[in-house]
Student: 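First the structure, which I've put down as structure tokens, then a few questions once you've had a look.
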Amino acid sequence: MAFLSTTDLFDQFGRIQRDLDALFGTLPIGIRAMAAGSYPPFNIGSTPKQVDVYVFAAGMDPQKLDVSLEQNLLTIAGERVSEPPEGVQIYRSERFSGQFKRVLALPEDIDPDKVNASYKDGVLHITIQRKEELQSRKIEVKA
Amino acid sequence: MSENKAVQQTKTEQAKAQSGSETFIRPDVDIYEDATGITLKADLPGVSRERLDVQVDNDTLTISGEAAIDMPEGMEPIYADINTTHYRRSFTLSKELDLDQISAELKNGELTLRLPKRAEVQPRKIEVKAA
């Protein structure tokens, strides 16, 4: 069941992406926004407590992934070597090969000291906590 | 009674599949050939071994997979390049490949398929003896 909700959430991602695409024609976009199709693709999601970034970069050596955070700018850089052996006949070469770097603007209220990154099945998952003082608190109304 | 239920369930599943809401990512591939066979590499980030399916049906090779992503409860999307968790892509194979000998390896979301040629079509080195 948990998996179903994953799909739903990705459908939501899709809807928002389409909405955003529709708006991009008229509204100004982020100065650091990169054209669609840049490598590696990523998703960003948020909850009141944290921001989650998912970077889809298959076949990487985790040691060669360089993740840094400066204020609210997250930089993901690395190099992927996927050269076919010499002397073969190449029919398709679609997969990304070479160096890459992407800079992502995250919400302003993240805490750069509370970052966690893991790499599993070709997805780099970075979790950044939001600053506590900015999290909304429920205020109890006394009788 | 239970049979009816099963039929209904199947119908619901079919309706789901036909509703057209299902979209697939077409994974990027590299394909190259050497003297003994063809190598196919596909990027399937987020797909684990359990969620990967490689099938050969007659002469069609189909790679499909489901990405499983850990998400905290109540997460809302801010930005997305990837809009679906389904991967699928098919290829037509040729007769000289030995379909029983296909091997697959998945590592860090990178699939490597090796499709060897049949032994009888592999090039043979012919030794020239001195007269």
Side-chain angles (χ1 to χ4, degrees), chain A residues 2-3 5-7 9-18 20 33 36-38 40-62 82 84-85 87-97 104-107 118-125 127, chain B residues 16 19 21-52 65-87 89 91 94 105-112 114-115:
Chain A
F3 192 65
S5 67
T6 304
T7 311
L9 187 59
F10 271 75
D11 288 346
Q12 265 193 67
F13 272 132
R15 184 176 51 76
I16 285 195
Q17 180 69 40
R18 283 192 297 277
L20 286 176
S38 304
F42 62 85
N43 287 3
I44 307 174
S46 84
T47 67
K49 283 193 172 162
Q50 65 189 58
V51 174
D52 287 84
V53 180
Y54 303 88
V55 184
F56 299 86
M60 290 289 301
D61 174 357
S82 70
V88 297
Q89 171 67 46
I90 297 170
Y91 296 111
R92 277 179 191 272
S93 185
E94 300 167 349
R95 301 187 318 142
F96 181 89
S97 180
L104 290 57
L106 299 179
S118 62
Y119 184 68
K120 189 188 160 202
D121 293 333
V123 177
L124 171 67
H125 180 189
T127 304
Chain B
K16 244 188 204 169
S19 69
S21 64
E22 254 187 305
T23 50
F24 295 99
I25 301 173
R26 188 167 163 265
D28 285 345
V29 297
D30 286 358
I31 301 174
Y32 50 83
E33 179 173 1
D34 57 42
T36 57
I38 290 177
T39 301
L40 185 156
K41 288 188 164 213
D43 282 349
L44 304 159
V47 178
S48 58
R49 258 180 65 183
E50 300 77 48
R51 295 184 189 275
L52 171 73
E66 294 270 350
I69 313 287
D70 295 332
M71 293 193 206
E73 215 173 293
M75 188 168 96
E76 287 181 27
I78 296 180
Y79 174 86
D81 284 325
I82 303 291
N83 304 323
T84 171
T85 53
H86 310 273
Y87 291 94
R89 195 160 177 185
F91 303 89
S94 58
E105 189 195 342
L106 182 68
K107 194 186 170 197
N108 289 335
E110 186 182 68
L111 172 69
T112 305
R114 178 70 184 166
L115 305 103

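Throughout, a chain's letter reflects where its sequence line sits, starting with A, and its residues are numbered from 1.
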Student: Taking A:Gly122, A:Pro40, A:Ala57 one by one, which has the highest count of heavy-atom pairs under 4.5 Å against chain B?
Tutor: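 Ranked by heavy-atom pairs under 4.5 Å with chain B, first place is A:Gly122.
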
Student: Measure B:Ala35 against the heavy atoms of chain A and call it side chain, backbone, both or neither at under 4.5 Å.
Tutor: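 For B:Ala35, neither part sits under 4.5 Å from chain A.
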
Student: Less than 4.5 Å to any heavy atom of chain B: does that hold for the side chain of A:Ser97, its backbone, both, or neither?
Tutor: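 Contact with chain B is absent: no heavy atom of A:Ser97 under 4.5 Å.
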
Student: Taking every heavy-atom pair that is under 4.5 Å apart, which of B:Asp70, B:Asp43, B:Val47 has the most such pairs with chain A?
Tutor: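 Of the candidates given, the most pairs with chain A belong to B:Asp43.
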
Student: To the nearest 0.5 Å, how far apart are CD1 in B:Ile31 and CD in A:Gln89?
Tutor: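 Between B:Ile31 CD1 and A:Gln89 CD, I get 12.0 Å after rounding to 0.5 Å.
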
Student: About how many Å separate NE2 of A:His125 and CE of B:Met71, when rounded to the nearest 0.5 Å?
Tutor: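 Going from the CE atom of B:Met71 to the NE2 atom of A:His125 covers 8.5 Å.
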
Student: Can you see which heavy atom on B:Pro72 is nearest to which on A:Gln50, and at what distance?
Tutor: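 Looking at all heavy atoms of both residues, the closest pair is CG-NE2, 3.5 Å.
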
Student: For the atom pair CD1 (B:Ile78) and CG (A:Leu106), what is the distance rounded to the nearest 0.5 Å?
Tutor: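 It is 7.5 Å, given to the nearest 0.5 Å.
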
Student: Between B:Val29 and chain A, with a heavy-atom cut-off of 4.5 Å, which part of the residue counts as in contact: side chain, backbone, both or neither?
Tutor: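 The answer is both parts of B:Val29.
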
Student: Roughly how far apart are B:Asn108 CG and A:Leu124 CG, rounded to 0.5 Å?
Tutor: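 B:Asn108 CG to A:Leu124 CG: 11.5 Å, rounded to 0.5 Å.
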
Student: For chain B, which candidate among A:Ser46, A:Pro84, A:Ser93 shows the most heavy-atom pairs at distances under 4.5 Å?
Tutor: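 Option with the top pair count is A:Ser46.
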
Student: Testing the basics here: between B:Asp28 and A:Arg95, what is the closest heavy-atom pair and its distance to 0.1 Å?
Tutor: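 Smallest interatomic distance, heavy atoms only, reads O-CG, 3.5 Å.
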
Student: Quick one: does any side-chain atom of A:Asn43 pair with a main-chain N or O of B:Ile82 as donor and acceptor, under 3.5 Å?
Tutor: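 Yes; judged by distance alone, with no hydrogens or angles, the pair exists.
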
Student: Quick check for you: among B:Asp30, B:Leu40, B:Ile38, which has the greatest number of heavy-atom pairs under 4.5 Å with chain A?
Tutor: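 Ranked by contacts with chain A, first place is B:Asp30.
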
Student: Going from CE on B:Met75 to CD1 on A:Ile44, what distance comes out if it is rounded to the nearest 0.5 angstrom?
Tutor: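 The distance works out to 10.0 Å.
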
Student: Sort B:Leu44 into side chain, backbone, both or neither according to what part of it lies under 4.5 angstrom from a heavy atom of chain A.
Tutor: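 B:Leu44 touches chain A through backbone heavy atoms alone.
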
Student: What's the separation between atom OH in A:Tyr54 and atom CG in B:Asp81, rounded to the nearest 0.5 Å?
Tutor: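 A:Tyr54 OH to B:Asp81 CG: 14.5 Å, rounded to 0.5 Å.
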
Student: Could you check whether atom CZ of B:Arg49 has more than 12 heavy atoms from other residues, nucleotides or ligands sitting under 6.0 Å from it?
Tutor: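 Atom CZ in B:Arg49 is not crowded, with 12 or fewer foreign heavy atoms closer than 6.0 Å.
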
